[in-house]
Amino acid sequence: MEELELKGLNEKIYVYHTKCGLPIYMWVNEKVSSMYASLSVKYGSIHTKFKIGKKIYEVPNGIAHFLEHVKFNIDEETTAHDEFYKLGGDANAFTTFDYTSYIVFATNNKKENLEELLNFVYNPFFTKKCISKEKGIIVEEANMGLDDPYSIVFFHSLLNTLQKSKYRNTITGTPDDVTSITLEDVKLVYDTFYHPENMFLTLTGNFNPYEMACLVEDNLSKKKFGKYLNPIIIKENEPKKVTTKYKEEYINVTYPRLKFSIKMDMSRFKNYSSLELKILTSLLFNINFGATSDFKDELMEKGLIQNMNVTCDVYDDTFVVTINVTSNFKEEIIKKVKEKLENLSISELDFKRKKNATIATLILDYEDLENVSYRIQDDVLNNGGIVTNLKEILEDETIDDLKNIIDLLDFDNISINVFLPKENQKEQ
């Protein structure tokens, strides 16, 4: 068992590697009574084309999410929810672009709930009947996404920003994608990716880490796992330019929404890790466009906007900064945002305030079981393991670091997406 000290946070993460290759990351909090367990597989919606040995396979979009649903079937009559209900556990799952996670939250019967989590995820029960039954449910979910304004705004903006990347596709897939999924597709993905060497377990809450590690080791020792196939994900080469520089569309929103997606190649920031880049750009753009920025306050006071926020995302070799605005004055907002981008400013006071707020958020996250679990997952997936000195990294950032980032930014490659209320289209 390895104990990793999180510098400056007075916290530690216990790490144990099982004999079959599943790593376990554990954070203990004796102030609570519950436990949050998450068994994650490094397989998400973007992993639809892969190579095993010399053979290339391609499966339908949406299969990661589909597999998440059918995985809850234990047999023809029983689902994992039935078993967790008996144990008093609250089970769920979710699929992202990059991974799928199976979760149970328990206050009582923690060991039994953890055993059940391992048992149902590692139970490869798939039949044509359960595949067929699930299709109707997920097609309905996919259709709902086609009408959901939040989903439309997010994915249509990605379509207009990214040209070839798999991140352009919805996580559920389209209804046609879902109906095309076969039993053979599901078995292929499960057998290829649902292996302990391609998965990890996160436990947060009140428990004995040594007891839990022994429980997991004993449980997995009774299961048979074949050799890990080491699949290689085949990615699309993403062009540097955005797909569409400007686009308007009418959807079911109350107020017009504008998204400014600034697309940059990661090679521009070769001296920074993706972690450092996300930290620095988040600081920079939140100072200039965030919830407490002077620019937002100015626009709010003038009645030009209802809301404004910023996100910074890495899509393989592409870095995208997105400024999200809700406003009835699209022409004026487009002009003002462009002017602000050309005149980014950082005062020492704003920098210190925003940096201290980020550190405070990091500290407060260790009051919540789910937040800690998500931080661990993010570290494992994006940083190759637990980042033990994150607080120090944040404390060491200087205003000069942000100024260096400004010099590397490129604002020539922006996709502006405007989503207008459907009523406005009818009035024209």
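These numbers come from the heavy atoms of this one structure, side chains and all, not from hydrogens, waters or symmetry mates.
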request  = Indicate yes or no: does Glu249 engage Lys259 in a salt bridge with an N to O separation below 4.0 Å.
outcome  = no
message = Salt bridge or not between Glu68 and Lys71? Use side-chain N to carboxylate O under 4.0 Å.
response = no
task = Would you confirm whether His69, through its side chain, and Phe66, through its main-chain N or O, come within 3.5 Å as a donor-acceptor pair?
result = no
ask   = Stepwise, does the side-chain hydrogen bond (donor to acceptor under 3.5 Å, both in side chains) test hold for Thr182 with Asp185?
value = CA-CA 5 Å; Thr182 66; Asp185 292 328; 3.1 Å; yes
request  = Evaluate the ring planes of His47 and Tyr43, with Trp represented by its six-membered ring, and classify them as parallel (under 30°), tilted (30 to 60°) or perpendicular (over 60°).
outcome  = tilted
message = In the structure I gave you, are the side-chain heavy atoms of Leu283 and Asp401 within less than 4.5 Å of one another anywhere?
response = no
message = How long is the straight-line distance from OG1 of Thr398 back to NZ of Lys403, given to the nearest 0.5 Å?
response = 9.0 Å
ask   = Sub-3.5 Å donor-acceptor pair from the side chain of Ser132 to the main-chain atoms of Lys129, do we have one?
value = no
query = Is any NZ, NE, NH1 or NH2 atom of the basic residue among Arg353 and Asp350 found under 4.0 Å from an Asp or Glu carboxylate oxygen of the other?
reply = yes
query = Is any side-chain N of the basic residue among Lys86 and Glu116 closer than 4.0 Å to the acidic one's carboxylate O?
reply = no
ask   = Side chains of Tyr14 and Ile24: does their closest heavy-atom pair fall under 4.5 Å?
value = no
message = Tell me whether Ser101 contacts the main-chain N or O of Ser38 through its side chain, where contact means a donor paired with an acceptor under 3.5 Å.
response = no
request  = Starting at CZ of Phe50, measure out to CD1 of Ile56 and round the result to the nearest 0.5 Å.
outcome  = 11.0 Å
ask   = Can you tell me how far OG1 of Thr161 sits from OH of Tyr167, rounded to the nearest 0.5 angstrom?
value = 14.5 Å
key: Heavy-atom side-chain contact between Asn206 and Lys110 under 4.5 Å   = yes
request  = Could you give me the CA-CA distance, side-chain angles and deciding distance for Glu217 and Tyr16, then say whether side-chain hydrogen bond (donor to acceptor under 3.5 Å, both in side chains) is met?
outcome  = CA-CA 10 Å; Glu217 187 72 85; Tyr16 179 80; 2.7 Å; yes
query = Is there side-chain contact between Asn219 and Tyr122, with at least one heavy-atom pair below 4.5 Å?
reply = no
query = Is any side-chain heavy atom of Phe120 closer than 4.5 Å to a side-chain heavy atom of Val104?
reply = no
query = Is Lys222 salt-bridged to Asp218, cutoff N-O under 4.0 Å?
reply = yes
ask   = Rounded to the nearest 0.5 Å, how far does CG of Asn307 lie from OG of Ser327?
value = 11.0 Å
query = Do the rings of His195 and Tyr228 sit parallel, tilted or perpendicular, given the 30° and 60° boundaries?
reply = tilted
query = In this structure, which one of Leu39, Thr18, Leu117 forms a side-chain contact (heavy atoms from CB on, under 4.5 Å) with Val216?
reply = Thr18
task = Kindly assign one of parallel, tilted or perpendicular to the pair Tyr99 and Phe200, based on the angle between their ring planes and the thresholds 30° and 60°.
result = tilted
request  = Provide the closest heavy-atom pair for Phe351 versus Ile287 in the form atom of the first, atom of the second, distance.
outcome  = CA-CD1, 3.8 Å
